[in-house]
Amino acid sequence: QAQLAESGGGLVQAGGSLRLTCIASGRTFSSTTVAWFRQVPGKGREFVASFSTSGRTYYADSVNGRFTISRDNAKNTVHLQMNSLKLEDTAVYFCAGRDGLHSNLVYEYDYWGQGTQVTVSS
């Protein structure tokens, strides 16, 4: 069974930065599209960013220009560098994976981590 595990969340002031890390195990990482989603209480998971098998990255409009997704297939890791954080970025952040092409749809992803809390204060 494929497994994902996130880390790097925490409390940060608005305008600050955090870097999230996701470590994958149990499958061939290079064949997957990886993504970050986030969720606040009472709402569904929201697409944040993805890194496809083709090497192309995708970002939600709300984070474009502030967040950067990267991956290292040799280490089976994916990162989300979050800069210029805003109050509305507060959420539980999840990494996710799927076999094949890029998708920004929650139900297209097969593998999920447990989530890491990011709290932005002012």
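No hydrogens, no waters, no symmetry mates; every other heavy atom, side chains included, goes into these values.
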*With no hydrogens and no angle check, is any side-chain donor or acceptor of R71 less than 3.5 Å from a backbone partner on F51?*
yes

*asked:* Return the CG to CD distance between N104 and E46, rounded to the nearest 0.5 Å.
replied: 11.0 Å

*Can you name the nearest heavy-atom pair linking A49 to Y59, along with the distance?*
CB-CD2, 3.6 Å

*Which other residues belong to the hydrophobic cluster containing F47, where Ile, Leu, Val, Met, Phe, Trp and Tyr are joined when side-chain heavy atoms lie under 4.5 Å apart, directly or via other members?*
F37, Y58, V92, F94, V106, Y109, W112

*Does the side chain of N83 pick up a donor-acceptor pair with the side chain of S17 at under 3.5 Å?*
yes

*Are L80 and T68 side-chain neighbours, meaning at least one heavy-atom pair lies under 4.5 Å?*
no

*Side-chain heavy-atom pair D99, Y111 within 4.5 angstrom cut-off*: yes

*Who pairs with S54 by side chain to side chain donor-acceptor pair (under 3.5 Å), at least two apart in sequence or on another chain?*
S52

*Flag yes if more than 12 heavy atoms outside Q13 fall under 6.0 Å of its CD atom; otherwise flag no.*
no

*Quick one: pull up CD in Q117 and CG in L11 and give me the separation to the nearest 0.5 Å.*
9.5 Å

*Please name all residues satisfying side chain to side chain donor-acceptor pair (under 3.5 Å) with Q114, sequence neighbours left out, ordered by chain then number.*
none

*Name all residues meeting the side chain to side chain donor-acceptor pair (under 3.5 Å) criterion together with T53; count only those two or more places apart in sequence or in a different chain, and write none if there are none.*
none

*Just checking, any donor-acceptor pair under 3.5 angstrom between side chains of H79 and T21?*
yes

*What residues join V40 in its hydrophobic cluster, counting side-chain heavy atom gaps under 4.5 Å, either direct or through other members?*
none

*Does the pair T119 and V12 meet the rule for a side chain to side chain contact (heavy atoms under 4.5 Å, CB included), with working shown?*
CA-CA 6 Å; T119 302; V12 64; over 6 Å; no

_Checking the side chain of T90 only, and the main-chain atoms of V120 only, is there a donor and an acceptor separated by less than 3.5 Å?_
yes

*Without swapping roles, check the side chain of E6 against the backbone of G115 for a donor-acceptor pair under 3.5 Å.*
yes

*asked:* Within this structure, what is the CG-OG distance for the pair L87 and S121, rounded to the nearest 0.5 Å?
replied: 7.5 Å

_Side chains of T116 and L20, heavy atoms from C-beta outward: is any pair under 4.5 Å?_
yes

*Nearest heavy-atom pair of E108 and R98: which atoms, and what distance?*
O-NE, 3.0 Å

*asked:* Between H102 and S50, do the side chains contain a donor N or O and an acceptor N or O under 3.5 Å apart?
replied: yes

*Provide the closest heavy-atom pair for L4 versus C22 in the form atom of the first, atom of the second, distance.*
CB-SG, 3.9 Å

*Does the side chain of L85 reach to within under 4.5 Å of the side chain of F67, using non-hydrogen atoms?*
yes

*Q3 side chain to S25 main-chain N or O, any donor-acceptor pair under 3.5 Å?*
no

_Spacing of R19 atom CZ and S70 atom OG [to the nearest 0.5 Å]_ = 5.5 Å

_Set of residues satisfying salt bridge (Lys or Arg N to Asp or Glu O under 4.0 Å) with respect to R66, sequence neighbours excluded_ = D89

